[in-house]
Protein chains: 2
Amino acid sequence: MAKLTIRDIAALSGLSKSTVSLVLNNSPKVDPATRRHVLAVMRRHRYVPSFAATALAKGSTRLIGMVVPGLSWHMVASINIGVAAVTERSGFDIILYTATNDRDYGSLIDRILTSSMASGLLVVSHEQPLEPLVQLHEEGLPVVLVNTIDADVALPSVTADNYDGALTAMDHLLQLGHERIACVQGRMTYRCCQDRYRGYLDSLRSAGLQPDPELTKPGDFLPEQIRSRSHELFALPADQRPTAVFAHSDVTAYAVMTAAAEAGLRVPEDVSVIGFDDIESAAQIRPPLTTIQQPFIDMGKRAAEMLLAEIGPTDDSSEADVVEPPAELPRLVMPTSLIVRASCGPVPVTRSPRGRSQTTKA
Amino acid sequence: MAKLTIRDIAALSGLSKSTVSLVLNNSPKVDPATRRHVLAVMRRHRYVPSFAATALAKGSTRLIGMVVPGLSWHMVASINIGVAAVTERSGFDIILYTATNDRDYGSLIDRILTSSMASGLLVVSHEQPLEPLVQLHEEGLPVVLVNTIDADVALPSVTADNYDGALTAMDHLLQLGHERIACVQGRMTYRCCQDRYRGYLDSLRSAGLQPDPELTKPGDFLPEQIRSRSHELFALPADQRPTAVFAHSDVTAYAVMTAAAEAGLRVPEDVSVIGFDDIESAAQIRPPLTTIQQPFIDMGKRAAEMLLAEIGPTDDSSEADVVEPPAELPRLVMPTSLIVRASCGPVPVTRSPRGRSQTTKA
DNA sequence: ACCTTGCCTGCAATCGGTTTCAGTACGAGC
DNA sequence: GCTCGTACTGAAACCGATTGCAGGCAAGGT
């Protein structure tokens, strides 16, 4: 009943505290037979070393903090799968910080890191200022940003190649013959959305097309707003109306498709829609959504690996000029991939009868 | 640079270790002025007491474990919002356990609880055997089940009233005049799905209708399977085809609607579909889904509150016959609510031209 | 018979707090 | 001038591990 301590295990197995501790720490200086015996005793009595005591003595908790903007996004759920797979394998556990609106990040980070509650921090899609993190990182605290939304900060990060993804999406539409391609943006304060929009613009321009400001609509990931702005798009006279829409996310694409249906337009016959993310339901809706897949699970894995690598070597390297990582900040940019389903088709034949010349491809 | 300790703060503020500790623990025995001074010194030097040391000394981590089956479900995300709101307010943090396929639950639970890493456990929609948890709970370890899928176990729990929700859903359909109502089931090993099915059957029977086994289809929450089984439903001859479908979840309802569209049936004109959950996109799809809302956020809150209540009173009550909670296991069953949108309509008039006699309504 | 080597013991310090307790300094109240 | 209460001190024990070190004991090599 009363919690067992290492001392009890020592007594029960007829050995000394030191030896038991050595067993716990996989020291090679213990006879294999003895080790087995001790482990058997532990198992029999369901002994598990005190987490707090171990943490205090070792100076490390084997806990990593994960800050997320909420769990409801596909992205977060997927990243977590990757992270969990890696941390679990390495015997780390995850402290979850759901970043609600009003939380005070400064003190949160202090709580986690300064109290050495967590050995490292994984920050997913953070909307808050990152300066405090940069400072802590310079002081030697492992931090990795996943899917960061900020412009370049001096922190290791793992992101998807949003710019290239946008290029790929646009390429797909261009190859189908579309020229009047609209863009329904996500939250433009996010780096990823800026990148996607940059890709949109560059792609048009390098195809010799002039981006039409009329065809760019803010959406901010809000279904209602997306729908009403899409209606503006579809209400345009036929020769100005877009034949395709590049949506900054899959749920944005859903809303665009809904608006299209409400406007009496069929997807993909009248208008093509391409999304971004490849969320689970993308394959299930009607029509199945063509989209750009982001490798979230892998991003989670890689991020966790990077973090563990940063943590690993020196468990508490408060000694010795710690400043080794100026070498080069690891910044992983992972490739996206085009998933072709059924929401994009060739440009409607009835439209644009005048001499469309296929612009030369790069 | 080197981490500050309570001893440093004592020196810096010209006081003793004891006093500083008293300040940290909000003891009333410290002069308010002194307290302010100490706090100022702490803030100035960004001191945060060591998590491990505090945990060791106090015998409690203020960490609660949350075991979830994955983050990708709406349910889990919502429950977490509620849980986080409560724990955050009480200064607890959450250790997240994503229950992947192969994880060894026994050892996991030992790690968390026996090592007193977490002061309590919140188990969300658990598919694993619960006996070890029951045992630990009897030994005095706080556990609360949220949205449990098991039959009654001797553990405190918070669930939605799935049976009543099913009744409400069916009532809605019955009132619209439907009599041939199909049921596309979820994972029938889950308690919640059993309850929903029970509600379906009871509702039919109490309306004087004979449940038609032909109209019950397993779905197991798998979109592909749901679609193909729904096709069987819609391929039935017109007089045997269901005029309404009660789907065991919203995503199930989506798949049913997709199948309907593929079969050339319109929702709700030709067939009504009602879901269960009220996930975010339910209002966004076409047609907006009528569904039964589960109060997940509140469930999370209540569960967290129950858990904290169990933890709260006695921080480390290893003394004194701990066995107080046999009194009554708190089992909270929370009401669901019908959200009427547009996916359900009156029974089609064109159908059943031959002498369908409207059975007497209750 | 001597020296290694391998395995283990016991003791003690350490991690950074909490908590208790006897004791002190100081000002107020009588 | 005495007592009392308040606010604080300093020392010490404690939480349950890790780690280092001196030393013991037995088996094995030479």
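Being a predicted model, the structure only gives us computed values, none of them experimental. Per chain, numbering begins at 1; letters A, B, ... match sequence-line order.
Among the nucleotides C:dT19, D:dA7, C:dT9, the one closest to the side chain of A:S18 is C:dT9.
B:M42 places its CE atom 13 Å from the C1' atom of C:dG16, with the value rounded to the nearest Å. The separation between B:N26 atom CG and C:dT18 atom P is 11 Å, rounded to whole Å. Note: CG (B:L22) to C1' (D:dT9) measures 11 Å, nearest angstrom. Going from atom NZ of B:K29 over to atom P of D:dT9 covers 13 Å, rounded to whole Å.
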What protein N or O atoms touch nucleotides 14-17 of chain D N or O atoms at under 3.5 angstrom, if any, and at what distances?
unit_1: D:dA17; atom_1: OP1; unit_2: A:Y47; atom_2: OH; d: 2.8
unit_1: D:dA17; atom_1: OP1; unit_2: A:S50; atom_2: N; d: 2.6
unit_1: D:dA17; atom_1: OP2; unit_2: A:I6; atom_2: N; d: 2.4

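Within 6.0 Å of atom CZ in A:R43, 12 or fewer heavy atoms from other residues, nucleotides or ligands are found, so the atom counts as exposed in its surroundings.
The closest side-chain donor-acceptor pair between A:T87 and A:S90, if any, does not fall under 3.5 angstrom.
Counting heavy atoms from C-beta on, the side chains of B:H137 and B:L121 never come closer than 4.5 Å.
Legend: residues meeting ring-ring contact (aromatic ring centres under 6.0 Å, His included) with B:F296, ordered by chain and number and at least two apart, are B:H74.
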- request: Determine, stepwise, if the pair A:M66 / A:V83 fulfils side-chain contact (heavy atoms from CB on, under 4.5 Å).
  value: CA-CA 9 Å; A:M66 187 162 98; A:V83 170; 4.1 Å; yes

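Among the protein residues, B:L15 comes within range of the sugar-phosphate backbone only, with heavy atoms under 4.0 Å from sugar or phosphate atoms but none that close to a base.
Between A:K3 and A:D8, none of the side-chain N atoms (NZ, or NE/NH1/NH2) sits under 4.0 Å from a carboxylate O, so this pair counts as no salt bridge.
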